[in-house]
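Every chain is numbered from 1, with letters handed out A, B, ... down the list of sequences. Given the structure is predicted, the values throughout are model-derived calculations rather than measurements.
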Number of protein chains: 2
Amino acid sequence: MPGTIRKIAADRWDGPLVARLRRYVELGPADIDDLRLLMEDELNVKKRRDLIVEGYEYHKLCFIKEGFAARYKLLRNGKRQIVSVLLPGDVIGFPGSFVNHSVFSVVALSDMKLEVCALDDFVALCYRRAKFGLALSWLAAHEATMYAEHIIDIGRRTPVERLAHFLLEIHARLAAVGRAAEREVDLPVSQEVMSDALGMSVPHLNRMLAKLRGDGLITLDGRHVTFADMRGLRQLAHFQPPSFTRIPAPAATIGQELIA
Amino acid sequence: MPGTIRKIAADRWDGPLVARLRRYVELGPADIDDLRLLMEDELNVKKRRDLIVEGYEYHKLCFIKEGFAARYKLLRNGKRQIVSVLLPGDVIGFPGSFVNHSVFSVVALSDMKLEVCALDDFVALCYRRAKFGLALSWLAAHEATMYAEHIIDIGRRTPVERLAHFLLEIHARLAAVGRAAEREVDLPVSQEVMSDALGMSVPHLNRMLAKLRGDGLITLDGRHVTFADMRGLRQLAHFQPPSFTRIPAPAATIGQELIA
DNA sequence: CGAAATTTTGATCACGTTCAACTTCAGTGG
DNA sequence: CCACTGAAGTTGAACGTGATCAAAATTTCG
């Protein structure tokens, strides 16, 4: 692998954004420099703060460096449905920044560190370097896949299965960014959040948690989960993490990386 | 508006794909030509045929010219959850073509006409014209928004509300491609499909349909729905269609279109 | 230490599933 | 032309699951 020295230099700034995009596409030093220049701001957000409020305009992309958040909608009857739990490496502002009036709200579930850039600036970069537009599409496909799995969860899985699936998903996603060990996780969320994500009541969620424990599939210590029987849990949840293709390199312009 | 003659010529071929992408971005004659060249095939598919089967590789994008389909997953217990109903102008292969082994299946709900292109070819085009990569992102954001709304539906709306929301969504989407009148739709799907989409049993769906009829919100004649009280239905369903931003034009290269 | 948030447990009951039978309708072949 | 078939829609009765409400136990945090 040539150019090692330059590569390391550019990597000095490697936010969660770079790590995330690298799952889909090769990024050279020039790419990373471009990305860094895009960032307007490093933002610190306190727990329980609303980041995006339904009905307002919001045209930024925020990349989570640290902390957790939830994308949700509040219904007239006071019920809340959480659409997705956001972890380090995830993007806030998708898909909200693409519509005129945000349809969902996002709230910080813990203190957070974010990197912010304007959507318009990102789009401008995409025009200059098409690979970023593609990376955004891949990221969107990833997001959509998780949403779809969430639909399956809520629609046709029983409450225990749902919970099992949720635990495995969170574990897999945290492990993918190096924040979880092989067979354990610290849950980033309260039971209320889980129940709002999984479309059930808090007491029932609690009982299902107890059931998983009783069946010897997990052990619990506060919010620390240990997967006692990963196989059994996976089977119960029908869990199989999707593996994403990488974006093909441009055919005509091989070596573009080196020029940059 | 200059260049009218060329524009009309190019517009002669305007599949549902062009109409769909135009919701997000300006397309010039050169763009449309490029798109047309991409298309490998026009495909006819019979009702009940599987288009994508879970677990297999699939790396094409299909644009629906005519007909309906459903993206779904079958669970071990025999239950089926429909993730989304696909209408003319929609894309088959998203997000399935972005993962190594498709997680969902797609089945034709009616006879269909499709335009097919290879994902790799589309990606190659994106490298040449960045706007297509962005268009794909926007389309993906649109898809993700619908999925998210579907999660809300199943998770926290009551069965009647869910059904009402479903009817309104299908109506709005069909109207957007000119296949539905102001206050009526021909449902493209059976009650079994609806129940699998909404995560309830067929009998219950049927009763909720009867309830909407009884409450004077809709009238039914076979699969022809007339919205007797659109306001009331919208309120019941908390329905508000998202409106999408358009992709900003490239700042530096105004007039790029003319060169092409 | 006091106050608030979170987790746990219990009792009751409505809602929606399940299963079953029956109806209606479109297509098909005798 | 009508009987046959299979798919789709409709209705009913019984059961079980998970929501709801309430309260206690526990932890976290100001």
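B:Asp90 contributes a side-chain N or O that, together with a main-chain N or O of B:Leu87, makes up a donor-acceptor pair within less than 3.5 Å.
For B:Arg223, the side-chain atoms get nearest to D:dG9 when compared with the rest of D:dT10, C:dG16, D:dG9. Out of D:dT20, C:dT8, D:dA8, the shortest distance to the side chain of A:Ser201 is found at D:dT20. Side-chain proximity of A:Arg48 to the nucleotides C:dT6, D:dG18, D:dA8 is greatest for C:dT6.
Scanning for side chain to side chain contact (heavy atoms under 4.5 Å, CB included) contacts around A:Ala70 gives A:Ile82, A:Val107, A:Leu109, with sequence neighbours left out. For A:Tyr72, there are no ring pair (Phe, Tyr, Trp, His ring centres under 6.0 Å) partners, not counting sequence neighbours. The side chain to side chain donor-acceptor pair (under 3.5 Å) search around A:Arg157 returns A:Glu149, A:Asp153, A:His165, not counting sequence neighbours. The ring pair (Phe, Tyr, Trp, His ring centres under 6.0 Å) check on A:His59 picks up nothing, with sequence neighbours excluded. For the side chain to side chain donor-acceptor pair (under 3.5 Å) test, no residue two or more places apart in sequence or in another chain qualifies with B:Arg207.
For A:Asn206, no side-chain nitrogen or oxygen approaches OP1 or OP2 of C:dT7 to under 4.0 Å.
Only B:Lys79, listed by number, bring a heavy atom of residues 74-81 of chain B to less than 4.0 angstrom from any atom of DNA chain C.
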Each nucleotide N or O in nucleotides 25-30 of chain D that has a protein N or O under 3.5 Å away: list the pair and distance.
none

Quick one: which protein N/O atoms are closer than 3.5 Å to N/O atoms of nucleotides 19-22 of chain C? Pair and distance per line, please.
none

Show each protein N/O and nucleotides 23-29 of chain C N/O combination with a separation under 3.5 Å, one pair to a line.
none

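Just one residue in the list A:Phe244, A:Phe94, A:Tyr147 forms a ring pair (Phe, Tyr, Trp, His ring centres under 6.0 Å) with A:His142, and that residue is A:Phe244.
Considering all non-hydrogen atoms of both residues, A:Ser102 and A:Gly96 come closest at OG-CA, 4.2 Å. Among all heavy-atom pairs drawn from B:Leu205 and B:Met194, the shortest one is CD2-CB, 3.7 Å. In plain terms, the two heavy atoms of A:Ala180 and A:Ala175 that are nearest each other are CB-N, 3.7 Å.
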>> Test side-chain contact (heavy atoms from CB on, under 4.5 Å) on B:Ile152 and A:Phe104; report intermediate values, then the result.
In response: CA-CA 10 Å; B:Ile152 311 283; A:Phe104 305 103; 3.9 Å; yes
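For residues 231-244 of chain B, the side-chain hydrogen bond (donor to acceptor under 3.5 Å, both in side chains) pairs, not counting sequence neighbours, are A:Arg76-B:His238, A:Asn100-B:Ser243. For the side-chain hydrogen bond (donor to acceptor under 3.5 Å, both in side chains) condition, the pairs that include at least one residue of residues 175-189 of chain A, sequence neighbours left out, are A:Glu66-A:Arg179, A:Glu184-A:His224, A:Asp186-A:His224.
Residue-level contact check: B:Gly222 touches neither bases nor backbone, having no heavy atom under 4.0 Å from any strand.
Between atom CZ of residue A:Arg156 and atom CE of residue B:Met200 there is a gap of 9.5 Å, rounded to the nearest 0.5 Å. We find the CG-CG distance between B:Leu198 and B:Leu163 to be 6.5 Å, quoted to the nearest 0.5 Å. Distance CG/A:Leu86 to CD1/A:Ile92: 5.5 Å, rounded to 0.5 Å. Atom-to-atom distance recorded for B:Met112:CE and B:Phe68:CZ is 8.5 Å, nearest 0.5 angstrom.
As rounded to whole Å, 21 Å separates atom P of C:dT7 from atom NZ of A:Lys211. The interatomic distance linking B:Leu205 (CG) with C:dT17 (C1') rounds to 13 Å, in whole Å. Protein atom CG of B:Leu109 is 10 Å distant from nucleotide atom P of D:dA8, rounded to whole Å. For the pair B:Leu198 CG and C:dT17 P, the computed distance is 11 Å after rounding to whole Å. For the pair B:Met208 CE and C:dG16 P, the computed distance is 6 Å after rounding to whole Å. The CG atom of A:Asp196 sits 11 Å away from the P atom of D:dA19 (whole-angstrom rounding). Between the CG atom of B:Leu220 and the P atom of D:dA8 there is a distance of 17 Å, given to the nearest Å. Rounded to whole angstrom, the span from the NE2 atom of B:His204 across to the P atom of C:dA14 amounts to 15 Å.
The C1' atoms of five pairs define one axis at each end of the helix from C:dC1-D:dG30 to C:dG30-D:dC1, and these two axes lie 40° apart (to 10°).
In terms of position on DNA chain C, the residue among A:Arg156 and A:Val189 whose nearest nucleotide sits closer to the 5' end is A:Val189.
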